[in-house]
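Report on the structure given below.
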Amino acid sequence: MSLIDREQGAADAPSGPPAGGRRTGPTVADVVRAVTTGALPVRVTGYDGSAVGPADAGITLSIRSERGLSYLLTAPGDLGMARAYVSGDLGLEGVHPGDPYEALRVLKDEMPLRLPPVPEALALVRGLGWERLMPPPPPPQEASPRWKRVVNGLRHSRTRDSTAISHHYDVSNAFYEKVLGPSMTYTCAVFRSPDDTLEQAQQAKYDLVANKLALKPGMRLLDVGCGWGGMVRHAAREYGVKALGVTLSKAQAEWAQAAIEREGLGELAEVRHLDYRDAPREQFDAISSIGLTEHIGVRNYPAYFGFLRDRLRPGGRLLNHCITRADNRAPHRSGAFIDRYVFPDGELAGPGRLISEIHDAGLEVHHEENLRQHYALTLAGWCRNLVEHWGFCVGEVGQGTARVWGLYMAGSRMGFERNGIQLHQVLATHNGRDGVNGYPLRPDWTP
């Protein structure tokens with residue numbers, strides 16, 4: 001935890017008991033003991049001066065204010081903890097806010113929680129004061145709950161999708177430059193070795209996509225959800241392809257088009273600020289979808305893959321690259337923290353559902369691979385970048401948003417490492433009427 005982070009959190013926190021006074025009733029330490037079992041692996045300190053857990057623990061959780069305690073009590077689980085942490089009411093000492101991975105690991109693996117018996121819980125609440133169960137206003141970084149988002153349209157309508165995309169991607173291009181690195185690529189990289197640099201791994205990912213699509217000079221590529229245009233620029237520069245990218249983020253489109261002009265790729269590459277549903281009704285030789293499927297909604301898979309099929313010439317190839325659940329039984333909607341702070345309205349399906357929907361749309365799947373371990377390495381690299389450029393990033397987006405990103409990326413890394421979520425690339429073709437698709441008997445690309 002950086003010094004500036006501690007000072008900012010302390011400044012934001014409401015004061016503790018008045019000088020000379022003494023708070024009666026349960027302490028913060030009492031609350032912690034009531035909801036945990038066994039020896040604590042971390043130190044927990046409270047705004048009331050109480051503490052619990054080993055004094056020499058490597059990690060300390062500091063509940064700095066009554067508001068922080070109310071966040072934790074009124075939204076148990078990741079949402080309450082995120083609110084307290086993002087607002088500065090919960091401090092994490094012993095880890096850097098740009099990469100709190102080790103703290104998250106310890107809390108998940110070594111700090112068993114329990115629900116106290118009803119009489120004990122009631123006694124705690126009465127002692128603390130019922131006002132502690134009044135939810136404080138959430139931090140400004142938090143998106144509205146799902147039921148309130150209807151003012152922006154039905155889920156996955158054009159207007160609401162645009163709002164959701166803006167919440168996540170229109171943060172600050174300068175911030176993303178520091179976190180993502182020179183490639184400005186916000187999708188899973190492909191590592192030949194754990195020692196590869198992030199830039200090497202991102203270039204390997206783009207080459208893998210290009211080779212799976214069999215890109216050659218003169219071909220036309222459509223890249224939907226193109227981000228800052230990494231695939232578009234790579235395809236044009238390295239493979240001589242005429243590439244069009246579309247993104248719902250205006251900030252991304254402006255940055256990408258400027259990069260295209262700066263690199264002298266204007267005759268081959270273009271990025272437009274468009275909903276993928278408004279992409280030109282033309283026939284492309286290849287289509288890449290890298291990190292968009294997570295945003296469109298599982299119920300929209302048939303329309304989505306049908307849309308891509310209709311813009312792919314017979315014999316053309318589609319490469320779909322997206323995060324999935326580990327199986328087809330898990331719920332599609334994301335958890336509270338991800339939905340409110342990271343990807344509003346984001347949804348994930350299992351790999352089986354994804355492949356079935358691609359087939360059902362009239363495309364033929366030829367190859368699939370799971371890159372979840374690569375995404376864990378990618379996220380670790382982004383966290384290293386955030387730590388290295390923490391001061392700049394805080395100056396660009398503020399303490400709260402920077403904390404959100406450290407928490408989100410470190411938690412996601414753990415999810416990929418432990419097979420809670422996966423990353424699948426699926427390669428398919430649009431076959432002609434006679435079943436001819438131009439795909440060779442054995443792959444014409446190197447895994």
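The chain is numbered in sequence order, starting from 1.
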Which heavy atom in [X] sits nearest to a heavy atom in [Y], and how many Å separate them?
X      : Y      : answer
Ala410 : Pro100 : CB-CD, 3.8 Å
Gln202 : Thr378 : NE2-CG2, 4.1 Å
His295 : Gly291 : CD2-O, 3.6 Å
Pro280 : Arg311 : O-NE, 3.2 Å
Gly352 : Asn328 : N-OD1, 3.4 Å
Val298 : Ala349 : CG2-CB, 4.1 Å

Is [Y] paired with [X] through a side-chain N to carboxylate O contact shorter than 4.0 Å?
X      : Y      : value
Lys242 : Glu270 : no
Lys178 : Glu396 : no
Lys212 : Glu369 : yes
Glu388 : Arg384 : no

Please check this pair: side chain of [X] against backbone of [Y], looking for a donor-acceptor N/O pair closer than 3.5 Å.
X      : Y      : value
Arg233 : Leu265 : no
Asp278 : Leu274 : no
Arg220 : Phe284 : no
Arg403 : Val86  : yes
Thr247 : Ala253 : no
Glu294 : Ile323 : yes
Glu199 : Ser183 : yes
Arg309 : Ala361 : yes
Tyr239 : Gly218 : no
His424 : Leu371 : no

With rounding to the nearest 0.5 Å, note down the distance linking [atom1] in [X] to [atom2] in [Y].
X      : Y      : atom1 : atom2 : value
Tyr85  : Leu407 : OH    : CG    : 6.5 Å
Ser412 : Ile421 : OG    : CD1   : 5.5 Å
Asp78  : Lys108 : CG    : NZ    : 10.5 Å
Met134 : Leu73  : CE    : CG    : 13.5 Å
Gln203 : Leu198 : CD    : CG    : 12.0 Å
Leu308 : His430 : CG    : NE2   : 11.5 Å

Is the count of non-hydrogen atoms from other residues, nucleotides or ligands lying under 6.0 Å from [X] atom [atom1] greater than 12?
X      : atom1 : value
Met111 : CE    : yes
Glu267 : CD    : no
Gln200 : CD    : yes
Arg262 : CZ    : yes

Answer whether the closest heavy-atom distance between the side chains of [X] and [Y] falls below 4.5 Å.
X      : Y      : result
Arg83  : Arg340 : yes
Leu354 : Tyr301 : yes
Met81  : Leu90  : yes
Val44  : Ile63  : yes
Lys205 : His374 : no
Arg272 : Leu244 : yes
Pro41  : Asp109 : no
Pro302 : Asp360 : no

Classify the ring geometry between [X] and [Y] as parallel (under 30°), tilted (30 to 60°) or perpendicular (over 60°).
X      : Y      : answer
Tyr439 : His366 : parallel
Trp382 : Tyr375 : perpendicular
Trp228 : Tyr176 : tilted
Tyr186 : Trp405 : tilted

TODO: Would you sort out whether Ser289 and Tyr276 count as a side-chain hydrogen bond (donor to acceptor under 3.5 Å, both in side chains), showing the intermediate values?
DONE: CA-CA 10 Å; Ser289 174; Tyr276 76 89; over 6 Å; no
Notebook entry, point to check: Step by step, would you call Tyr304 with Leu292 a side chain to side chain contact (heavy atoms under 4.5 Å, CB included)?
Noted result: CA-CA 10 Å; Tyr304 176 65; Leu292 176 58; 3.7 Å; yes
Original post:
Checking side-chain hydrogen bond (donor to acceptor under 3.5 Å, both in side chains) for the pair Thr185/Tyr206: CA distance, chi angles, key distance, verdict?
Top reply: CA-CA 10 Å; Thr185 301; Tyr206 284 137; 2.9 Å; yes
Exactly one candidate in Leu40, Val32, Leu107 meets side chain to side chain contact (heavy atoms under 4.5 Å, CB included) with Leu61; the answer is Leu107
Practice task
Carefully, step by step, assess His234 and Asp207 under the rule side chain to side chain contact (heavy atoms under 4.5 Å, CB included).
Solution key: CA-CA 8 Å; His234 189 86; Asp207 280 331; 2.8 Å; yes
Between Glu142 and Leu79, does the side chain to side chain contact (heavy atoms under 4.5 Å, CB included) criterion hold? Intermediate values first, please.
CA-CA 10 Å; Glu142 183 170 316; Leu79 182 58; 4.1 Å; yes
Discussion item. For a side chain to side chain contact (heavy atoms under 4.5 Å, CB included) check, start with the C-alpha distance between Cys383 and Tyr101, then their side-chain angles and the critical distance, and finish with the verdict.
Written reply: CA-CA 9 Å; Cys383 280; Tyr101 174 86; over 6 Å; no
